[in-house]
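Handing you a structure now.
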Amino acid sequence: MPTVRLYNTMSRAIDVIEPLEPGHLRIYCCGPTVYDFAHIGNLRKYVCDDILVRTLRHAGLNVTHVMNVTDVDDKIINAAPGGLDAIREYTAPYTKAFFEDLATLRIQDPDVVCAATEHVDQMVDMVQKLIDRGHAYQSDGSYYFRIASFPEYGRLARIDTAGMRAGARVEVDEYSKDDVRDFALWKAHKEGEVAWDTSLGRGRPGWHIECSAMSMHYLGESFDMHTGGVDNAFPHHENEIAQAEGATGKPFVKYWIHHEHLLMDSQKMAKSLGNTFTLRDLLDRGLDPVGLRYLLASAHNRTQLNFTNEAVEQATQTVKGLHDFMRRLADAKAEEGEPSDLAEEAGEARKAFFEAMYNDLQTPQALAAMFDLVKAANIALQHKTCTSGDIEAVRDAMLEFDQILNVLDAGEEEILDEEIERMIREREEARERRDWQKADELRDVLEDQGVLLEDTADGTRWKRA
RNA sequence: GGCGGCGUAGCCAAGUGGCUAAGGCGGCGGUCUGCAAAACCGCUAUUCACCGGUUCGACUCCGGUCGCCGCCUCCA
């Protein structure tokens with residue numbers, strides 16, 4: 001099995017990935033809070049997770065991928081006062097939209113998707129363990145994690161907890177805590193808010209507790225990998241560690257992966273700047289979802305990616321080029337010329353591509369290896385003798401790359417359109433008569449319908465624009 | 001104020017203490033084509049924000065300046 005290396009926020013180094021259980025990698029990815037449509041910056045994170053999981057699977061690991069859906073939090077409660085029915089009614093469409101967005105971006109669904117509101121029991125159990133072990137206390141019906149009881153606090157984000165007292169942010173929490181650094185595990189019921197009647201009393205879970213409770217419920221008290229946006233490292237993941245390790249006394253997660261943010265036109269994305277766009281917004285503007293996937297996948301996950309309209313259009317062009325290439329490959333026939341060494345080139349490209357991916361997900365280098373092969377194959381197809389084995393090797397390599405990238409066409413066969421076929425035949429006849437004017441006219445008509453023609457030695461081909 | 005990241009061609013984006021600074025998109029010129037398209041060939045950063053320093057040698061290491069971005073209690 002190949003060695004996979006990834007940057008681990010905990011160690012601040014590129015670590016060799018060795019699952020706790022050999023051959024089986026258990027990963028938890030922080031999921032969406034479904035109070036609104038996901039914006040493109042949120043979605044980058046899921047594309048990064050997708051590339052990561054696909055790479056781990058390609059390396060031969062059996063991956064169990066769990067993702068949460070946060071369907072109860074302050075924003076949701078504010079938007080949907082009342083009980084559980086009210087927040088479910090409010091969040092359901094956003095949850096549905098979120099998974100539609102994942103599908104649009106060709107992101108594989110996780111093996112397990114868990115909603116916070118369906119795991120309150122597990123969270124209550126965990127809070128109880130924290131109380132029993134002296135890490136939590138009650139105040140006015142709410143429960144808090146006592147940071148002073150967990151000396152390791154701040155290890156992930158390298159935060160000096162002493163300095164938090166002088167933090168720039170103003171404390172806005174109206175609940176009473178022993179120490180400003182402590183965070184809520186369970187919030188006492190307030191009138192008009194959703195609540196559960198539990199052994200802790202009537203109330204609702206804090207945000208961080210859901211991820212600790214659900215990840216351990218599905219993946220065990222210690223598991224391999226946990227992902228999130230860079231902003232989640234502190235406080236969310238730091239708090240998760242405190243809760244999990246406080247409750248079990250065992251190490252929580254071995255590898256922490258954090259994905260960088262997307263910039264919009266070199267600016268941060270923020271509602272106040274009016275530059276957050278949902279996938280729907282972008283599709284309405286005519287952007288191609290697969291081009292978008294390619295763009296989001298094409299930069300390294302730990303660098304900020306600058307999102308511009310132009311960049312998406314470029315990515316879309318690139319993907320079109322790959323589609324053209326696969327088609328050319330499918331139609332390829334052996335030609336006379338010097339013998340090609342395409343099979344070897346394919347092998348080299350494969351090696352380079354996956355070495356790059358296995359070495360901290362270096363997508364840009366992997367893509368460069370792929371394009372080197374595309375170029376070599378195009379040259380060979382034009383000037384050399386390619387055996388069916390040569391062509392097959394290139395095709396297999398491309399399809400293998402696409403196990404990670406997932407941007408190629410799924411189905412080969414384009415539905416034949418009789419009207420289009422008839423016009424193409426008509427144009428062929430015109431061309432035989434050397435009636436170029438008529439032929440060009442027909443080509444223009446088809447182009448207006450989004451059909452592009454290519455006259456090749458083997459006849460005219462067409463594709464959708 | 002504290003901590004951290006980044007600044008590479010028109011655009012997106014890799015990279016290394018010293019061979020010609022990856023790759024993609026775009027543009028220009030050419031081959032092919034009835035014309036196109038696709039593909040191919042050539043050109044498109046004497047230079048890596050700026051200023052110093054270390055070094056035989058730095059884009060890569062150090063210091064400073066400017067710019068952008070993130071975290072510092074619930075934002076991917």
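The chains referred to below are lettered A, B, ... by the order of the sequence lines, with proteins before strands, and numbering in each begins at 1. No experiment lies behind these values; they were computed from the predicted model shown.
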Checking all strands, does A:L453 fall into the base, sugar-phosphate, or nothing category for heavy-atom contacts under 4.0 angstrom?
base

Nearest-nucleotide 5' precedence on RNA chain B, A:R44 against A:T318
A:T318

Could you give the CG-to-P distance, from A:L367 to B:A13, as a whole number of Å?
13 Å

Between P of B:A76 and CG of A:N42, the distance in whole Å:
5 Å

Separation of A:R12 atom CZ from B:C71 atom C1', in whole Å?
10 Å

Name the nucleic acid region contacted by A:R302, choosing base, sugar-phosphate or nothing; use a 4.0 angstrom heavy-atom cut-off, strictly under.
nothing

Taking only N and O in the side chain of A:K375, is any of them less than 4.0 Å away from OP1 or OP2 of B:C41?
yes

OP1, OP2 of B:A14 versus side-chain N and O of A:T303: anything below 4.0 Å?
yes

Is there, by distance only and without an angle test, a donor paired with an acceptor across the side chain of A:Q382 and the base of B:C40 below 3.5 Å?
no

Do A:D224 and A:Y28 have a side chain donor and acceptor closer than 3.5 Å?
no

Whole-Å gap separating P (B:A39) and CZ (A:R327)
13 Å

Please give, in whole Å, the distance from B:U33 P to A:D440 CG?
17 Å

Tell me whether the guanidinium CZ or amine NZ of A:R285 lies under 6.0 angstrom from the six-membered ring centre of A:F277 and within 45° of its axis.
yes

Assign the ring pair A:F371 / A:Y294 to parallel, tilted or perpendicular, where the plane angle (0 to 90°) is split at 30° and 60°.
perpendicular

Is the shortest side-chain N/O distance from A:K75 to OP1 or OP2 of B:C75 below 4.0 Å?
yes

Polar side-chain contact A:R443-B:A36 base: donor and acceptor under 3.5 Å
yes

Picking from B:C74, B:C72, B:A14, which would you name as closest to the side chain of A:K187?
B:C74

Same-atom distance (P) from B:A37 to B:A76, integer angstrom:
45 Å

Starting the side chain at C-beta, find the nucleotide from B:G23, B:A13, B:C40 nearest to A:F371.
B:G23

Where the side chain of A:E238 meets the backbone of A:G154, is there a donor-acceptor pair that is under 3.5 Å apart?
yes

Heavy atoms from C-beta onward define the side chain here; which of B:G23, B:A38, B:A13 lies closest to that of A:D372?
B:G23

Base, sugar-phosphate, or nothing for A:H261, non-hydrogen atoms under 4.0 angstrom?
base

Side-chain H-bond candidate by donor/acceptor type, A:D101 with A:T104, under 3.5 Å:
no

Would you mind classifying the nucleic acid contact of A:L305 as base, sugar-phosphate or nothing, using non-hydrogen atoms under 4.0 angstrom?
sugar-phosphate

Just checking A:R434: does its CZ atom have more than 12 heavy atoms from other residues, nucleotides or ligands closer to it than 6.0 angstrom?
no

Using a cut-off of 4.0 Å on non-hydrogen atoms, how would the nucleic acid contact of A:H39 be classed: base, sugar-phosphate, or nothing?
base

Is A:D455 side chain donor-acceptor paired with the B:C35 base, going by distance under 3.5 Å alone?
yes

Name the one of A:L43, A:L305, A:N306 that satisfies side-chain contact (heavy atoms from CB on, under 4.5 Å) with A:L262?
A:L305

Between the base of B:G26 and the side chain of A:Q314, is one N or O donor paired with an acceptor at under 3.5 angstrom?
no

Touch class at under 4.0 angstrom, heavy-atom based, for A:M269 against every strand present
base

Distance-only donor-acceptor check, side chains A:T91 and A:D71, under 3.5 Å
no

Determine: side-chain N/O of A:Q365 to OP1/OP2 of B:G15, distance under 4.0 Å, yes or no.
yes

Answer yes or no as to whether B:G34 has its base stacked against A:W436, where stacking requires a ring-centre separation under 5.5 angstrom and planes under 30 degrees apart.
yes

Are any of A:Q317's side-chain N or O atoms less than 4.0 Å away from OP1 or OP2 of B:G26?
yes

Determine the contact category for A:G228: base if any of its heavy atoms lies under 4.0 Å from a base atom, sugar-phosphate if only primed atoms, P, OP1 or OP2 are that close, otherwise nothing.
sugar-phosphate

What stems involve RNA chain B, if each pair must be Watson-Crick or G-U and both of its distances must be under 3.5 Å, with 3 or more such pairs in a row?
B:1-7 with B:66-72, B:10-12 with B:23-25, B:26-31 with B:39-44, B:49-53 with B:61-65

Under 4.0 Å, counting only non-hydrogen atoms across every strand here, what does A:R461 touch: a base, just sugar-phosphate, or nothing?
nothing

Tell me the interatomic distance from A:Y144, atom OH, to B:U73, atom P, rounded to whole angstroms.
16 Å

Using atom CG of A:D331 as one end and atom P of B:A38 as the other, report the distance to the nearest whole Å.
16 Å

Residue whose nearest RNA chain B nucleotide is more 5′ - A:Y294 or A:E260
A:Y294

Gap between atoms CZ and P, on A:R431 and B:C35 respectively (whole Å)
11 Å

Could you tell me whether A:D231 contacts a base, only the sugar-phosphate backbone, or nothing, with contacts defined as non-hydrogen atoms closer than 4.0 Å?
base

Between A:Q362 and B:G15, is there a contact of a side-chain N or O with OP1 or OP2 at under 4.0 Å?
yes

Within the structure, does a side-chain N or O atom of A:N232 lie under 4.0 Å from either OP1 or OP2 of B:A76?
no

Please find out if less than 6.0 Å separates the ring center of A:H135 from that of A:F145.
yes

Identify whether NZ of Lys or CZ of Arg in A:R5 sits under 6.0 Å from the centre of the six-membered ring of A:Y358 and within 45° of that ring's axis.
no

For the side chain of A:A299, counting heavy atoms from C-beta on, which of B:A14, B:A76, B:C40 is nearest?
B:A14

Which listed nucleotide (B:C72, B:A38, B:A14) is nearest to the side chain of A:D324?
B:A38

Minimum-distance pair of heavy atoms, taken over all atoms of A:A430 and A:A439
CB-N, 4.1 Å

Out of B:A39, B:C12, B:A14, which has the shortest distance to the side chain of A:H300?
B:A14

